[in-house]
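Notes to accompany the following structure.
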2 protein chains.
Amino acid sequence: MTQTPTPKIPIPCEFDDLSNCPVRSVLDRIGDKWSTLLILQLQDGPKRFGVLRRSLPDISQRMLTQTLRNLQRDGLVDRTVFDTVPPSVEYSLTDMGQSLLTPIAGLVNWAQVNQPSIQDSRDSFDHAAAQIDGARQVRAG
Amino acid sequence: MTQTPTPKIPIPCEFDDLSNCPVRSVLDRIGDKWSTLLILQLQDGPKRFGVLRRSLPDISQRMLTQTLRNLQRDGLVDRTVFDTVPPSVEYSLTDMGQSLLTPIAGLVNWAQVNQPSIQDSRDSFDHAAAQIDGARQVRAG
DNA sequence: GAGGGTGGTTACGTCCAGGTAACCAAAGGC
DNA sequence: GCCTTTGGTTACCTGGACGTAACCACCCTC
């Protein structure tokens, strides 16, 4: 009943070289603060630097530049400079970037479906922890 | 041709409260150093603390405890204490934890498929950057 | 009574992701 | 001459993730 319905995932890297594990490098990008949000912002077409900045009011200019550079370096995002004045720059997903949308969608969907359960679990865990902590206070006092 | 084949992913959170965005909380867990590896270690059955530690030689005891606690708090992992002596503790995936294997598998698979392209892209990006940097050195010198 | 094997916790130090703010060039408006 | 807008870069600082090492209780064996 609680048997895994998923085919076994091979452990993606040897542990003696987890520093250059390919899966880790992807997870690191997915896991950083802004990459995923930027990829989602670009999913329906190219956007200019300023538009992205205004779409994500909390991102600093520095992090926007840096995150876009990393995505470009990984080949997930294209950067096009238009020779206007002042110069305008457009960012868009590459084909590989587009293809990353599928697994991201799986994750986003899972997160949205399970978010209530996770929240419940956290609440009851914290509640139980507080109980135990209270008991310890009593014993110590 | 380069049109997105994926149905549009709704932006998963409002940006005025990205601190308690459900998707972010999942990505933070996925993105941390050990959670994913532990989930993969547990995919084919319960394992004891010591077994997990020996499976991941690079993890410190502190991080193993901490990561397992977080996974337990989120309801992804069950912790069972056996009243033997010395006490032994077994960790296993909950049903929700099992269900997370599917999106993780998507990501792992994507990473493995695209890893060569990413590496190529990084190499040529870094090569180009070195070129530009070299040119700047010449101008400055 | 010293040492080993359970599964932890705690104090402490380090390192880096990320935020803040100042600065840049070029051209246009006034 | 000064301010604005474009898309950056740079120096500096902080918070938190993570690692290291010591310590704990428990009971066993030797």
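What you see is a predicted model, and the numbers here were worked out from it, not measured in a lab. Heavy-atom basis, side chains included; hydrogens, waters and symmetry copies ignored. So you know, we letter chains A, B, ... as the sequences are listed, proteins then strands, and number each from 1.
Every residue two or more places apart in sequence or in another chain was checked for a side chain to side chain donor-acceptor pair (under 3.5 Å) with B:T36, and none qualifies.
Nearest to the side-chain atoms of B:R69 among the listed nucleotides C:dT9, D:dG7, D:dC27 stands C:dT9. Nearest nucleotide to the side chain of A:S88, out of C:dT6, D:dG8, D:dT6: D:dT6.
As judged by a 4.0 angstrom heavy-atom cut-off over every strand, B:F82 is placed among residues making no nucleic acid contact.
Between the CZ atom of B:R53 and the C1' atom of C:dG5 there is a distance of 10 Å, given to the nearest Å. Separating the NZ atom of B:K47 from the C1' atom of C:dG7 is a distance of 18 Å, rounded to the nearest angstrom. Rounded to whole angstrom, the span from the CG atom of A:L68 across to the P atom of D:dG7 amounts to 11 Å. The nearest whole Å value for the distance from the CG atom in B:L52 to the P atom in C:dT6 is 13 Å. As rounded to whole Å, 11 Å separates atom P of D:dG19 from atom CG of B:L56. Taking atom CD of A:E90 as the reference point, atom P of D:dG8 lies 12 Å away to the nearest angstrom. Atom CZ of B:F49 and atom C1' of C:dG7 are 6 Å apart (whole Å). Look at CG on B:D83: it is 13 Å from C1' on C:dT6, rounded to the nearest Å.
Using a 4.5 Å cut-off on side-chain heavy atoms (C-beta onward), B:Q112 and B:Q115 make no contact. Contact annotation: the side chain of B:W110 approaches that of A:V26 to within less than 4.5 Å [non-hydrogen atoms, C-beta and beyond]. A 4.5 Å side-chain heavy-atom check between B:L64 and B:W34 finds every atom pair outside the cut-off.
Distances shorter than 4.0 Å separate some side-chain N or O of B:R79 from OP1 or OP2 on C:dG8. Regarding contacts with the backbone of D:dT5, every side-chain N or O of A:R48 stays at 4.0 angstrom or more from both OP1 and OP2.
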Tell me which donor-acceptor pairs under 3.5 Å the side chains of residues 82-94 of chain B have, and how far apart each pair is, sequence neighbours excluded?
from, atom 1, to, atom 2, distance (Å)
B:T84, OG1, B:P86, O, 2.9
B:T84, OG1, B:S88, N, 3.4
B:Y91, OH, B:R79, NE, 3.2
B:T94, OG1, B:G75, O, 2.7
B:T94, OG1, B:L76, O, 3.2
B:T94, OG1, B:M96, N, 3.4
B:T94, OG1, B:G97, N, 3.0

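Ion pairing of A:R24 with A:D28 is present here, as a side-chain N (NZ or NE/NH1/NH2) and a carboxylate O approach within less than 4.0 Å.
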Please tabulate, one pair per line, each protein N/O and nucleotide N/O from nucleotides 16-20 of chain C that are separated by under 3.5 Å, including the distance.
from, atom 1, to, atom 2, distance (Å)
C:dG18, OP1, A:K33, N, 2.9
C:dG18, N7, A:R62, NH2, 2.6
C:dG19, OP1, A:K33, NZ, 2.9
C:dG19, OP2, A:W34, NE1, 3.4
C:dG19, N7, A:R62, NE, 3.2
C:dG19, O6, A:R62, NE, 3.1
C:dG19, O6, A:R62, NH2, 3.2
C:dT20, O4, A:R62, NE, 3.4

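The distance from atom CZ of B:R48 to atom OG of B:S55, rounded to the nearest 0.5 Å, is 12.5 Å.
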